[in-house]
Asker: 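The following block contains the structure, expressed as structure tokens.
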Amino acid sequence: MPGFELFGEEERKEVNDVMQTGILMRYGFDGPRKGIWKSKELEAAICQRTGSKYAQLVSSGTAALTTAFAALGIGVDDEVIMPSFTFVASFEAVMSVGAIPVLVDVDETLTMNPEAVKKAITPKTKCVMPVHMCGSMADLDALQNICKEHNLILLEDACQSFGATYKGKHLGSIGDAGTFSFDFVKTVTCAEGGAVITNKESVYINSDGYSDHGHDHLGVDRGADLHPFVGYNFRISELHAAVGLAQIRKLDQFLAIQRKNHQQLKNILSQVPEISFRSIPDPAGDSCTFLSWFLPTEALAKAVVNEMKSQNILAGNFYWFDNNWHYIRKWDHLKNATFLNNISEAQKQGLQAIKNSSYTASDLVIGRCFSTAISLSWTEEQVKEKGEKMLNAVRKVLSKQGVTA
Ligand SMILES: *Cc1c(COP(=O)(O)O)cnc(C)c1O
């Protein structure tokens, strides 16, 4: 990760195809576009890759989540169960449709703990949203069973995990719908973009209309389209889709490089018995965008952060516990319900409940966790050098603290 590390002639060619006709919009202009439909082509490629029946491209992963919620009929006063460790976009999208985020603890999979999900279910629960963080997956069998038993919608936030699978099925294709992000730092990137995938025709038709002002796309031209419901503009442009198309064709190459570098780095870190690794429900399906690893205690992890900082090797090693974007601990704007506009009473109460909760089980996991971003451009020599520097920093801290001799 990320795909921009391997931009080349292929991306330029796809963009040039679009510039040749000048039709930058994905809908309409059937004559002048001379058969160039990059967004449609990318949607077909996403369906083929994920095994999903339908894909709707949108302008971002956040827009994909918002579109998916609306398409699934999730809105005011509905509770959505989601993990305490994710990117802020997950709760932004829940709030944007008027629904109430209910945060639950994560476990060593770095995704939601199914037992915590069970405990959080109330009569108002409508949806369970696992987030497949850092390129790997949640325990989908367990979550699917819970959703079936309680008649809940399963929406997979797979924004960080394009290319990853669970028991042979692509992440995002297992629940009622799934979302991807193609923003600038994701595995496949087109600068800004996202997608909703689903096997349900109604969810697809809703996503298609919702992301384009409610257009039904059945008219002879845009002016003749009907508006069966109210939508918004979350359209992707043909320029972005063109870049995405070149990138998705390189996905297998990206995954092969990531898996190789991931394995090499893991082998190096495995030399320290005090280091353990993220538990992965289906290791074969890991997209290996990150190597996530744990130290025995939060104190040791913090000492390693400081040691890495002092050696100038922290870059690319994410210590999420202190991160503004990804972990509940620093989401003060959410906990304090700091919104520019009015939110509902039920949402205010939901956020108050989050503020009053402690996420001790999550703290015990995230406080000890590092995720090392796996670059597509590393040479074998560079992985070795990087791994050994990390190893030395960890060993130095452990011996200073008397954990090992
Ligand atoms: C990146 C990301 C998003 C949002 O994607 P954007 O395209 O940046 O809007 C949503 N959820 C998760 C888990 C993400 O990592």
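Numbering of ligands and ligand atoms starts at 1, following listing order. Just so you know, these numbers come straight off a predicted model, no measurement behind them.
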Asker: Which of the numbered atoms in ligand 1 are under 4.0 angstrom from any heavy atom belonging to Gln160?
Answerer: 13 (C), 14 (C), 15 (O)
Asker: Under the side chain to side chain donor-acceptor pair (under 3.5 Å) criterion, do Glu156 and Thr179 qualify, and how do the steps go?
Answerer: CA-CA 6 Å; Glu156 296 174 70; Thr179 61; over 6 Å; no
Asker: Just need the protein heavy atom nearest to atom 9 (O) of ligand 1, so name the residue and atom and give the distance.
Answerer: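 Nearest protein contact, heavy atoms only, for atom 9 (O) of ligand 1 is Thr62 OG1, 2.5 Å.
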Asker: Going from OG1 on Thr372 to CD1 on Ile374, what distance comes out if it is rounded to the nearest 0.5 angstrom?
Answerer: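 It comes to 6.5 Å.
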Asker: Relative to ligand 1, is Ala89 under 4.0 angstrom through side chain, backbone, both or neither, heavy atoms considered?
Answerer: side chain
Asker: Between Thr86 and ligand 1, is there a nitrogen or oxygen pair with a distance under 3.5 Å?
Answerer: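 Between Thr86 and ligand 1 (N or O atoms, distance only) the closest approach is not under 3.5 Å.
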Asker: At what distance is the nearest protein heavy atom to atom 8 (O) of ligand 1, and which residue and atom is it?
Answerer: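 Checked against all protein heavy atoms, atom 8 (O) of ligand 1 sits closest to Asp183 OD2, 2.6 Å.
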Asker: Determine whether the side chain, the backbone, both or neither of Asp157 has a heavy atom under 4.0 Å from any heavy atom of ligand 1.
Answerer: side chain
Asker: Atom 12 (C) of ligand 1: which protein heavy atom is closest, and how many Å away?
Answerer: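 The protein heavy atom lying closest is Cys159 CB, 3.5 Å.
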Asker: Write down the atom of Thr189, the atom of Val243, and the distance for their closest heavy-atom approach.
Answerer: O-CG1, 3.6 Å
Asker: State whether Phe277 and Lys266 meet the cation-pi test: NZ (Lys) or CZ (Arg) under 6.0 Å from the six-membered ring centroid, and within 45° of the perpendicular axis.
Answerer: yes
Asker: Does Arg33 count as lying over the ring of Trp37, i.e. NZ or CZ under 6.0 Å from the six-ring centre, within 45 degrees of the axis?
Answerer: yes
Asker: For Ser60, take its heavy atoms, then give the atoms of ligand 1 lying under 4.0 Å from any of them.
Answerer: 7 (O), 9 (O)
Asker: Give the atoms of ligand 1, by number and element, whose distance to some non-hydrogen atom of Ser181 is under 4.0 Å.
Answerer: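 Taking each heavy atom of Ser181 in turn, ligand 1 has 1 (C), 5 (O), 6 (P), 7 (O), 8 (O) under 4.0 Å.
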Asker: Between Lys186 and ligand 1, which residue portion shows a heavy-atom distance shorter than 4.0 Å: side chain, backbone, both, or neither?
Answerer: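 Answer for Lys186: side chain.
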Asker: Cation-pi check for Phe87 against Lys186: NZ or CZ below 6.0 Å from the six-membered ring centre and within 45 degrees of the axis, yes or no?
Answerer: yes
Asker: I want to check a possible cation-pi pair here: Arg329 against Phe321, using under 6.0 Å from ring centre and within 45° of the ring axis as the test.
Answerer: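 Yes, Arg329 sits over the ring of Phe321.
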Asker: In Å and rounded to the nearest 0.5 Å, what is the OG to NE2 distance from Ser287 to His170?
Answerer: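 Spacing of OG (Ser287) from NE2 (His170) equals 8.5 Å.
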Asker: Looking at Val131, which atoms of ligand 1 are within less than 4.0 Å of one of its heavy atoms?
Answerer: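 Listed by number with element, the hits are 13 (C).
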Asker: For ligand 1, find out whether one of its N or O atoms is nearer than 3.5 Å to an N or O atom of Gly61.
Answerer: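 N/O-N/O distance under 3.5 Å: yes.
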